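As the structure lists them, so they are numbered: ligands from 1, and atoms in each ligand from 1. Only a predicted model underlies this, so the values are computations on that prediction, with no experimental measurement involved.
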Amino acid sequence: MIIEPKTRGFICLTSHPTGCEQNVLNQIEYVKERPVKNGPKKVLVIGASTGFGLASRITAAYGSNAATIGAFFEKPPSEGRPASPGWYNSAAFEAQAHKDGLYAKSINGDAFSNEIKAQTIDLIKSDLGEIDLLVYSLASPVRTHPDTGERFKSVLKPIGQTFTDNTVDFHTGEVKEISIEPGTEEDIKNTVAVMGGEDWQMWIDALKSAGVLSEDFKTVAYSYIGPSLTEAVYRKGTIGRAKDHLEATAFKITDALKAINGQAYVSVNKALVTQASSAIPVIPLYISLLYKVMKEEGIHEGCIEQIERLFNARLYAENLELDEAGRIRIDDWEMRDDIQAKVLELWKQATTETLPNIGDLKGYETDFYNLFGFKVDGVDYDKDVNEMVDIPGLQ
Ligand code: NAD
Ligand code: NA
């Protein structure tokens, strides 16, 4: 079929297998040239199909020849209906990995559930014996609690007061003010239940009880801080409470892994266009200004550049520097004083009229379409493609 983008607000309902494949191959090429010394060997990535999780899987596999198991929640294709992009990404990754003699298998389902945890552990036991790295890169709007069956919905709201500031609709380029009412105590609790550290801890507990964690095992989960501009709606909002909880969980996990000398980290990553971040109000305007400034300075990174740097300059480097709160920082370039001062200056000037010049709206839009395999360089979109693609290592 011929597949075209069909957007609804900040989502795209279609995705392109060839474009997704090209994105994956580009990331593989990037990492192949940057091997990770003493990197991981047997890796489980939860949230492995898109964004930072996919980049983590590719970096482990192609940076240090690691066997990888990817867990994710993606929609398979049906006749005439393309799959979700993470499906095509995983298909492309596993096909290439198998060609290159790398172990790569995957599990598609709700990673919050006990069933998916049990299935993953069985696969580790039968194929790998143990893992030495778990990357936790889930981003989800909902979670059903595996023990109580309660369904939680996360929300992106400020706490304590109404938040009012500008945002941009990147499809139309319109800059306009939005107001978001503060979240309730219930909203905070629900958001922490979805995006906090409880499920990460549950994975570790299950893996540890099954005896499949190696000596010196490491685990890393991803967080975000961001500037004062977005603080009220992000880091000091409901999602920020969840990130506080996630960060606190790292210390608990490290304590629980003393016997095997295990270590849990949180890495604070840069703001990037992903399916998760395009849903957050105000962030698209911030990102379009940030991209402009960071590209001008020659320090712009995408997911793969970020994660390759995480592995090579942080997690598997000789000396791992942590911030005052014990976190890994790869948002260091985003947060540089000179970068933030420029973004703040542009923020004050941003209107529908000025944004095309002062911001990188084009870059934002391209990245957004790229997430779904569209507008990818070198792909012929007029060519008929088969939407019915299998993931070769899917269990
Ligand atoms: P993403 O939307 O690209 O990836 C989410 C992944 O989670 C996908 O693989 C998806 O299949 C999987 N997933 C979702 N629900 C699932 C479920 N129930 N069971 C199994 N898999 C499920 O998101 P991302 O932006 O790469 O986010 C990953 C992490 O990085 C999040 O914790 C996010 O907060 C953090 N982070 C993101 C940014 C950013 O700007 N995008 C910045 C810093 C940190
Ligand atoms: Na991810």
Side-chain angles (χ1 to χ4, degrees), residues 10-12 15 20 23 44-58 69-76 83-90 93 106-117 119-120 135-146 151-152 154 156 191 194-197 199-200 202-203 220-227 230 234-235 239-240 242-247 249 266-280 282-284 286-287 290-291 301-304 306-307 310 327-331 334-335 364 367-368 370-372 391:
F10 51 75
I11 60 162
C12 182
S15 73
C20 289
N23 283 334
L44 170 62
V45 180
I46 299 168
S49 53
T50 58
F52 284 112
L54 174 65
S56 305
R57 189 178 193 192
I58 293 173
I69 294 175
F72 45 77
F73 206 3
E74 300 293 341
K75 188 171 65 78
S84 56
W87 180 278
Y88 291 135
N89 291 339
S90 302
F93 171 78
S106 51
I107 293 191
N108 188 33
D110 180 8
F112 294 128
S113 70
N114 292 331
E115 292 72 22
I116 290 293
K117 289 184 176 73
Q119 203 187 324
T120 307
V135 176
Y136 189 84
S137 188
L138 266 190
S140 173
V142 290
R143 171 175 175 228
T144 301
H145 198 283
R151 191 171 161 85
F152 302 102
S154 78
L156 295 155
T191 306
V194 179
M195 288 299 285
D199 181 62
W200 184 24
M202 284 177 148
W203 268 100
V220 62
Y222 298 140
S223 189
Y224 184 64
I225 297 177
T230 59
Y234 195 93
R235 193 63 207 213
I239 182 73
K243 291 303 187 190
D244 291 344
H245 187 270
L246 183 80
E247 291 175 13
T249 303
V266 160
S267 171
V268 182
N269 300 352
K270 176 197 188 207
L272 281 174
V273 181
T274 64
Q275 290 181 74
S277 71
S278 28
I280 307 177
V282 187
I283 299 277
Y286 169 68
I287 288 182
L290 180 72
Y291 273 27
E301 297 172 298
C303 287
I304 197 68
Q306 277 266 288
I307 299 301
L310 170 66
R327 301 170 295 211
I328 296 173
R329 302 298 294 267
I330 52 169
D331 65 338
E334 168 182 358
M335 298 307 282
Y364 190 103
D367 276 12
F368 176 80
N370 284 351
L371 296 175
F372 303 90
I391 301 178

Would you say E74 and ligand 1 have an N/O pair spaced under 3.5 Å apart?
-> yes
Which one holds for K270 and ligand 1: side chain close, backbone close, both close, or neither close, with close meaning a heavy atom under 4.0 Å?
-> backbone
A48: numbered ligand 1 atoms lying under 4.0 Å from its heavy atoms | 9 (O)
Compute whether any side-chain donor of one residue and acceptor of the other, for S223 and E247, lie under 3.5 angstrom apart.
-> yes
Contact atoms of ligand 1, heavy-atom distance to S140 under 4.0 Å | 15 (N)
Numbering the atoms of ligand 1 from 1, which are under 4.0 Å from a heavy atom of F112?
-> 18 (N)
Using a heavy-atom cut-off of under 4.0 Å, does the side chain or the backbone of S223 touch ligand 1, or both, or neither?
-> backbone
Are any of the N or O atoms of F72 closer than 3.5 Å to those of ligand 1?
-> no
Heavy-atom closest pair, residues C20 and Y88 = CB-CB, 3.7 Å
Heavy-atom nearest neighbour of atom 20 (C) of ligand 1 within options G109, G47, S277 = G109
Do the non-hydrogen side-chain atoms of F112 and L138 ever get within less than 4.5 Å of each other?
-> yes
With a 4.0 Å cut-off, would you call R143 and D110 a salt bridge?
-> no
Within 4.0 Å of some non-hydrogen atom of N269, the atoms of ligand 1 are 43 (C)
What atoms of ligand 1 come closer than 4.0 angstrom to any heavy atom of A271?
-> 40 (O)
At a 4.0 Å threshold, what atoms of ligand 1 neighbour a non-hydrogen atom of S137?
-> 5 (C), 6 (C), 7 (O), 28 (C), 29 (C)
Heavy atoms, side chains only, cut-off 4.5 Å: are F52 and L272 in contact?
-> yes
Closest contact, heavy atoms only, I287 versus S277 = CD1-OG, 4.2 Å
Considering only heavy atoms from C-beta outward, does the side chain of T50 approach that of L371 to under 4.5 Å?
-> no
Please work out whether any backbone atom (N, CA, C, O) or any side-chain heavy atom from C-beta onward of T274 is under 4.0 Å from ligand 1, and answer side chain, backbone, both or neither.
-> side chain
Shortest heavy-atom approach to atom 34 (O) of ligand 1 - which of Q306, M195, K243 | K243
Is any side-chain heavy atom of T120 less than 4.5 Å from a side-chain heavy atom of W203?
-> yes
Would you say A71 contacts ligand 1, with heavy atoms under 4.0 Å as the rule?
-> no
Would you tell me which option among A139, G53, S90 has the nearest heavy-atom contact to atom 27 (O) of ligand 1?
-> A139
Note: A221, heavy atoms under 4.0 Å from ligand 1, region reported as neither
When rounded to the nearest 0.5 angstrom, what is the spacing between OG in S137 and CG in N269?
-> 8.0 Å
So Y364 and Y291, would you call those rings parallel, tilted or perpendicular, with 30° and 60° as cut-offs?
-> tilted
Could you verify whether a donor N or O on one side chain and an acceptor N or O on the other, from S56 and Y222, lie under 3.5 Å apart?
-> yes
Interfacing atoms of ligand 1 (cut-off 4.0 Å, heavy-atom, S49) = 8 (C), 9 (O), 10 (C), 11 (O)
Contacting atoms of ligand 1, where contact means under 4.0 angstrom from a heavy atom of L272 = 39 (C), 40 (O), 41 (N)
